[in-house]
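Structure first, then comments.
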Amino acid sequence: MTVAAPVRPDTPAPAPAPILSPRQVGLIVFALAMGGFAIGTSEFVVMGLITDIARAMAVTEPQVGHVISAYALGVVIGAPTLAILGARMSRRSLLLALMGFYAFGNLASALAPGYYSLMLARFVAGLPHGAYFGIAALVAARISPPEQRGAAVGRVMLGLSVALLVGNPLATWLGQSFGWRWAFALVSLIALATVAMTMRVLPRGMNAPRPDAMRELRDFNRKPVWLALGIGAIGFAGMFCVFSYLAPTLVHVTGVRESFVPFGLIAFGIGGILGTLGGGWLFDRLQFRAAAWILVWSAIILLLFPLAARSVWTVLPAVLAVGTMGALATVLQAHLMDVAKSAQTLAAASNHSAFNMANALGPWLGGMAITAGYGWTSTGVVGAITALAGLLIYAWARADARRAAPSTVACEAD
């Protein structure tokens with residue numbers, strides 16, 4: 001069970017959350033999820049428009065791949081940095097500022113005159129990504145009953161999963177039909193709509209008392225926090241390892257036409273939605289133990305992926321199952337709220353830095369295996385190894401929590 005941490009003498013007691021009706025809670029969560037939808041659409045749309053951008057910019061597809069990396073780098077740097085810089089702001093004001101910043105970054109992407117300016121604009125657009133999700137998750141948990149915190153965080157993260165299923169194909173179609181710049185213009189409009197809706201439905205006074213920056217950094221620099229982030233950075237890499245090379249795997253191994261690839265993306269998006277909702281449900285029932293079950297499930301489905309990829313009848317269920325690995329993001333996001341003490345904002349934002357590190361690590365390891373001649377389906381085996389490595393980090397975290405239990409009751413104990 002989870003034991004609440006005692007309030008330290010120098011820590012202000014949290015203010016009671018405003019009493020909201022179920023309709024108000026639903027509107028707030030929807031507004032926060034809409035911001036996640038904008039972020040998810042923008043994050044993955046470049047993958048569908050690589051050829052169009054390369055042709056327009058007179059560069060190669062691998063060079064456009066660097067634009068994707070620039071965005072990921074922005075997430076890694078921006079999540080903790082903006083969380084610290086916004087430490088004294090109310091959560092409502094910070095959410096509005098971050099989403100407004102995101103609208104600006106995507107508008108700059110749409111108007112970028114050249115390749116290097118586009119890369120800079122994508123880096124800027126990535127900066128508020130992690131901090132927004134971290135603050136949004138904290139707000140959703142604060143307005144929900146304690147036993148429904150995981151489900152609330154899952155509903156906020158659902159915007160990212162729906163973007164994979166709907167937003168990314170829509171933006172890709174728009175970019176292919178009218179020019180790639182319109183895809184980023186669409187995201188900018190969605191971000192501005194999120195700002196307007198959040199301003200309307202999210203009342204003031206939603207923020208708990210915030211510690212000073214030094215206290216937040218001190219509480220952040222603790223082993224339970226770093227181990228949770230390590231689980232995400234390593235254990236989640238397998239999903240990105242398979243997803244990044246899904247298109248060539250479908251064409252060269254499954255033997256389908258390129259026109260079939262969108263069906264694979266849709267299956268992955270459905271799996272992401274199921275995983276996001278299931279992750280919240282699991283956390284509400286198992287707490288941190290849910291991470292272990294998800295990592296075991298991940299290792300199994302990744303090991304089976306090379307076999308499933310050889311048939312069109314089995315590859316789509318397998319891709320859907322790989323998408324369910326997204327449950328780990330929801331579980332770790334909720335778990336960090338329990339172990340971060342006064343550094344909840346910084347830890348919640350850094351969770352997305354960890355997952356973007358996984359986004360970089362997975363494709364790199366998979367690319368090494370493919371280049372070494374192990375074939376496209378080797379991504380499944382490589383991904384399973386990273387899931388098992390994440391499971392080892394989880395075991396380390398659990399053992400450390402048990403050792404600390406007699407003196408620190410903030411950690412979850414059996």
Do the side chains of Met325 and Phe240 get nearer than 4.5 Å, heavy atoms only?
no
Sorted by chain and number, sequence neighbours left out, side-chain contact (heavy atoms from CB on, under 4.5 Å) with Val29 holds for Val25, Ile143, Arg155, Val156
A side-chain contact here means heavy atoms from C-beta on lying under 4.5 Å apart; do Met239 and Phe268 qualify?
yes
Using side-chain heavy atoms (C-beta onward) and a distance below 4.5 Å, is Leu361 in contact with Phe236?
no
Can you see which heavy atom on Gly390 is nearest to which on Ile234, and at what distance?
N-CG2, 4.1 Å
Full working for side chain to side chain contact (heavy atoms under 4.5 Å, CB included) between Phe30 and Val201
CA-CA 10 Å; Phe30 179 81; Val201 303; over 6 Å; no
Looking only at heavy atoms, the pair that brings Ala228 and Leu332 closest together is O-CD1, 3.8 Å
Can you find a pair of side-chain heavy atoms, one from Leu118 and one from Trp180, that are under 4.5 Å apart?
yes
Which residue pairs pass the side chain to side chain donor-acceptor pair (under 3.5 Å) test when at least one of the two sits in residues 184-203, sequence neighbours left out?
none
Polar side-chain atom of Glu43 near backbone of Ile39 as donor-acceptor pair, under 3.5 Å
no
Can you check whether Ala292's main-chain N or O pairs, donor with acceptor, with Arg398's side chain at less than 3.5 Å?
no
Interatomic spacing from CZ in Arg181 to CG in Leu174 - rounded to 0.5 Å:
13.5 Å
Using the rule given for side chain to side chain contact (heavy atoms under 4.5 Å, CB included), can you reason through Thr379 versus Ile370, listing the C-alpha separation, both sets of side-chain angles and the distance that settles it, and then say yes or no?
CA-CA 8 Å; Thr379 55; Ile370 294 168; 3.9 Å; yes
Before giving the answer on side chain to side chain contact (heavy atoms under 4.5 Å, CB included), spell out for Leu95 and Leu32 the whole-Å C-alpha distance, their side-chain angles and the decisive distance to 0.1 Å.
CA-CA 9 Å; Leu95 279 173; Leu32 299 176; 3.7 Å; yes
List in chain and number order the residues that pass side chain to side chain donor-acceptor pair (under 3.5 Å) with Ser42, two or more places apart in sequence or in another chain; answer none if no residue qualifies.
Tyr102, Asn106, Arg122
Measure the spacing between CE of Met197 and CE of Met34 and express it to the nearest 0.5 Å.
5.5 Å
Tyr394 OH to Trp293 CH2 distance, which is reported to the nearest 0.5 Å
10.0 Å
With sequence neighbours left out, what residues match Trp297 under side chain to side chain donor-acceptor pair (under 3.5 Å)?
Thr324
Could you go through Phe101 and Tyr132, starting from their C-alpha distance and side-chain angles, then the distance that decides it, and tell me whether this counts as ring-ring contact (aromatic ring centres under 6.0 Å, His included)?
CA-CA 10 Å; Phe101 190 6; Tyr132 175 84; over 10 Å; no
Quick one: does Leu202's side chain get under 4.5 Å of Leu96's, heavy atoms only?
no
Does atom CZ (Arg310) have a neighbourhood of more than 12 heavy atoms from anything else shown, all under 6.0 Å?
no
Shortest non-hydrogen pair, Ala358 vs Gly232, comes out as CB-O, 3.6 Å
Can you find a pair of side-chain heavy atoms, one from Val187 and one from Leu107, that are under 4.5 Å apart?
no
So for atom CE, which belongs to Met119, do other residues, nucleotides or ligands contribute more than 12 heavy atoms lying within a distance under 6.0 Å?
yes
Check Ile301 against Ala321 and note the closest heavy-atom contact, atom names and distance.
CD1-O, 3.0 Å
Closest non-hydrogen atom pair, Ala233 against Ala237:
O-CB, 4.1 Å
Just so I know, are the side chains of Ser298 and Leu328 near enough to count as touching, which here means a heavy-atom distance under 4.5 Å?
no
First locate atom CG of Leu120, then atom OH of Tyr116, and finally report the distance between them rounded to the nearest 0.5 Å.
12.5 Å
Thr254 side chain to Val256 backbone, donor-acceptor under 3.5 Å:
no
How long is the straight-line distance from CD1 of Ile231 back to CG of Leu227, given to the nearest 0.5 Å?
7.0 Å
Using every non-hydrogen atom in the two residues, find where Ala397 and Phe288 come nearest and quote the distance to one decimal.
CB-CE2, 4.0 Å
Taking only residues two or more places apart in sequence, or in another chain, which ones meet Thr314 in a side chain to side chain donor-acceptor pair (under 3.5 Å)?
none
When you compare the side chain of Leu250 with that of Phe263, does any pair of heavy atoms fall below 4.5 Å?
no
Thr386 OG1 to Leu391 CG distance, which is reported to the nearest 0.5 Å
11.5 Å
Which residues share a side-chain contact (heavy atoms from CB on, under 4.5 Å) with Thr249, sequence neighbours left out:
Tyr245, Val253, Phe305, Ala309, Trp376, Thr377
If you apply the rule side chain to side chain contact (heavy atoms under 4.5 Å, CB included), what do you find for Tyr374 with Val382, and how did you get there?
CA-CA 10 Å; Tyr374 291 104; Val382 172; over 6 Å; no
